[in-house]
Amino acid sequence: MCGIVGYVGNKPVVDILMDGLEQLEYRGYDSSGIAVMCPEDIKVYKAIGKLQNLRDKLRGHEKEFNTSTMGIGHIRWATHGAPTLLNAHPHTCNCGRLVVVHNGIIENYEALRDSLGVENELKSETDSEIIAVLIDRQYKKYKNCEKAIIESVKMLQGTFALAIIFDGEGDKIYATRNVSPIVCCKSEKGSLIASDIIAIGQYSENYFVLPEMTIAKITRDDIEIKDFAGNSVCPEILKLDWDINAGTKGGFPFYMEKEICEQPDVLRKTINSRIKNSLPDLSEDKISDELFENCTDITVIACGTAMHAGLIGKHLIENICEIPVNVYMASEFIYSNPIINKSTLVICVSQSGETIDTLEALKYAQKKGAKSLAIVNVKGSSIAMQSDYVIYTQAGPEIAVASTKAYTTQVAIFYLLTARMAYTKKKLNYEGVTKFIDELAKLPDAVENIIARKEEIHLLAKKLLASEHTFMIGRGFDYPSLLEASLKLKEISYIHSEAFASGELKHGTIALISKGTPVIALMTQRYLAAKQISNIKEVMSRKAEVITFAKKSLVTKDINCDFVLPEIDDDFTAVPSVVALQLLAYYVSSDKGLDVDKPRNLAKVVTVE
Ligand code: F6R
């Protein structure tokens with residue numbers, strides 16, 4: 001969703017802003033704009049659609065801005081008002097002397113508009129433009145930029161990350177935020193801010209998250225932060241722990257393929273750093289056994305793919321630790337009157353750490369007294385900061401909208417949590433837990449085996465290219481993997497796909513199976529194989545086009561197996577099978593000529609409810 005970038009320094013600003021916005025493209029957007037401090041005034045350039053359109057608009061204006069070294073930029077994912085030039089950010093006020101970019105939602109914008117009596121002055125339909133008007137009014141009153149921003153922010157309700165520049169006040173960018181993220185860094189080229197470190201990580205490996213409800217004054221050599229009472233604030237400095245080249249395609253046609261292929265490495269990183277003397281060890285994540293000893297039940301809260309990781313976690317924890325686990329869609333959680341109390345451990349799962357539904361659900365659970373643990377990929381993100389404990393997946397930056405490596409590393413963390421919890425709660429003894437960890441350590445190789453055979457999957461993908469609908473069937477532990485596979489296929493190939501627990505299909509949906517309907521069958525669970533074979537035969541007898549992915553030892557003459565999954569213990573099949581199905585979705589989308597990394601209507605970071 002929307003993204004912000006800002007720079008003040010000693011280099012030409014436009015290239016830096018455009019590069020930063022390009023890095024933020026993955027968040028999803030439908031218009032963009034920049035505001036640049038030029039010698040005579042602030043110049044604003046905006047475009048609808050792809051960033052290339054903004055680049056095209058800038059061409060020919062170089063004389064206006066080529067000496068400029070300060071500015072702010074924005075990509076907008078439309079919420080209030082269509083993607084038009086007037087609605088695109090930056091928004092200006094006072095004849096362009098005050099410029100604002102905003103990420104988030106201002107809930108009381110209509111009330112503010114009415115109380116300021118400015119309905120006829122506003123040029124856009126957005127909830128954001130009112131912020132510029134409000135700050136301008138306060139600026140005229142107090143003649144002080146900081147005071148004007150602080151007094152305005154006090155009147156805003158909702159979520160916001162703001163970057164603001166004033167003409168005639170020197171080379172300074174002001175930034176403030178509530179919930180929506182802003183990270184800042186300094187380098188020899190100047191000072192930078194952005195919605196995500198990926199946009200500015202190339203300038204410095206040290207950065208910090210701007211604390212909520214503080215104000216940053218950003219100049220070429222310094223970033224000064226104060227709370228709203230005027231006290232200096234010293235934020236925690238974070239270190240970038242991935243190679244900045246990880247944010248490039250590295251020779252692959254799409255980020256998604258690159259990220260799928262990175263899974264053996266990132267799984268090794270996520271798992272190996274948490275195994276000591278053959279035991280799961282979460283001490284570096286500052287998670288003590290007490291957290292597990294005191295918990296009687298677990299509630300997992302997440303959205304989409306991250307929620308599917310939670311379903312895998314439920315299967316593992318309930319089976320091995322024998323503790324009840326509820327998995328909630330974050331968007332439904334606070335409206336479901338969930339049963340949680342002081343002995344509930346709430347686990348929030350999120351790649352971005354910014355999904356607003358998950359964040360709000362976490363805050364709600366905390367108010368009910370639950371302890372919280374976040375499984376998050378992005379360091380210093382809102383969910384990571386809000387949670388009592390955090391375990392970072394070490395997936396590195398995930399740029400493709402469709403999540404792949406973040407998902408499998410989330411699942412890897414659930415394996416580690418299960419092992420540690422089972423050991424702490426004496427559900428597994430030393431031999432049991434070391435055997436579990438040995439199996440876990442085999443996962444990266446199993447994934448490598450699948451990636452080495454990706455062209456076999458590419459051939460299978462051809463069978464789906466002309467389909468409008470597909471069904472996926474599997475039993476037990478395979479079912480959540482299929483929910484994830486089905487989501488992957490729909491979101492990037494636009495083929496309607498539904499996953500079913502195989503036994504459930506005949507309770508209605510089998511009516512949709514007819515000659516040639518593609519059905520993807522997954523079979524990795526020994527104790528359910530006979531039943532799954534009979535479910536596969538049910539759809540075959542209705543002339544469905546079945547594509548079967550089966551674990552090596554379960555392949556039988558009774559049914560055709562199209563892709564043989566590596567032999568691995570039943571409790572660990574969730575990772576290799578999903579990787580095979582990620583590849584299937586990937587090849588369907590790329591062979592259809594679609595924009596695999598940026599599917600229509602989707603945003604990587606979902607910061608609106
Ligand atoms: C699908 C996908 C989404 C996200 C969901 C939650 O491929 O990526 O379903 O999983 O939007 O996002 P995070 O994990 O950032 O909270």
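Remember, it's 1-based here, ligands and their atoms both numbered in the order they're listed. Here the structure is a predicted model, which means the values were calculated and not measured. Side chains included, hydrogens not; waters and symmetry mates left out as well; all remaining heavy atoms used.
- Side-chain contact annotation: Thr517 with Glu545, donor-acceptor N/O pair under 3.5 Å absent.
- Side-chain atoms of Gln351 and Ser403 form no donor-acceptor pair, as typed in the model, at a separation below 3.5 Å.
- Taking the side chain as every heavy atom from C-beta outward, Ile520 and Thr548 never approach each other to under 4.5 Å.
- Within 6.0 Å of atom CD in Glu284, 12 or fewer heavy atoms from other residues, nucleotides or ligands are found, so the atom counts as exposed in its surroundings.
- Nearest protein neighbour of atom 11 (O) of ligand 1, counting heavy atoms only, is Val606 CG2, 4.1 Å.
- Proximity to Lys488 (heavy-atom distance under 4.0 Å) selects the following atoms of ligand 1: 1 (C), 7 (O).
- Val575 pairs in a side chain to side chain contact (heavy atoms under 4.5 Å, CB included) with only one of the listed residues (Leu267, Thr409, Ile450, Ile568), which is Leu267.
- Each of the following atoms of ligand 1 lies closer than 4.0 Å to a heavy atom of Val401: 7 (O), 8 (O).
- If you number the atoms of ligand 1 from 1 as listed, the ones under 4.0 Å from a heavy atom of Glu491 come out as 1 (C), 7 (O).
- Annotation for ligand 1: atoms under 4.0 Å from non-hydrogen atoms of Gly304 are 9 (O).
- Of all the atoms in ligand 1, the ones that sit under 4.0 Å from a non-hydrogen atom of Ser350 are 13 (P), 14 (O), 15 (O), 16 (O).
- Nearest to atom 6 (C) of ligand 1 by heavy-atom distance, out of Ala306, Cys303, Pro599, is Cys303.
- For ligand 1, the atoms sitting less than 4.0 Å from at least one non-hydrogen atom of Ala402 are 7 (O), numbered in the order shown with element in parentheses.
- Classification of the His458-Tyr587 ring pair by plane angle, with boundaries at 30° and 60°, yields parallel.
- Taking the six-membered ring where the residue is Trp, the centroids of Tyr415 and Phe572 are separated by under 6.0 Å.
- With a heavy-atom cut-off of 4.0 Å, Thr358 does not touch ligand 1 at all.
- With hydrogens left out, the protein atom closest to atom 2 (C) of ligand 1 is Thr305 OG1, 3.6 Å, a heavy atom.
- Under a 4.0 Å N-O distance rule, the pair Lys551/Asp570 qualifies as a salt bridge.
- Looking at atom 8 (O) of ligand 1, its nearest protein heavy atom turns out to be Ser403 CB, 3.3 Å.
- Under 4.0 Å from ligand 1, not a single heavy atom of Met307 appears.
- Using cut-offs of 30° and 60° for the angle between ring planes, the Phe254 and Tyr586 rings count as perpendicular.
- Of the protein's non-hydrogen atoms, Thr355 OG1, 3.4 Å is the one closest to atom 12 (O) of ligand 1.
- Using the six-membered ring where Trp is involved, His74 and His89 have ring planes that are parallel, under 30° apart on the 30 and 60° scheme.
- Close contacts between ligand 1 and Gln351 involve ligand atoms 13 (P), 14 (O), 15 (O), 16 (O) [criterion: under 4.0 Å to a heavy atom].
- At a heavy-atom distance under 4.0 Å, no atom of Glu354 approaches ligand 1.
- For atom 15 (O) of ligand 1, the nearest protein heavy atom (residue, atom name, distance) is Ser352 OG, 2.6 Å.
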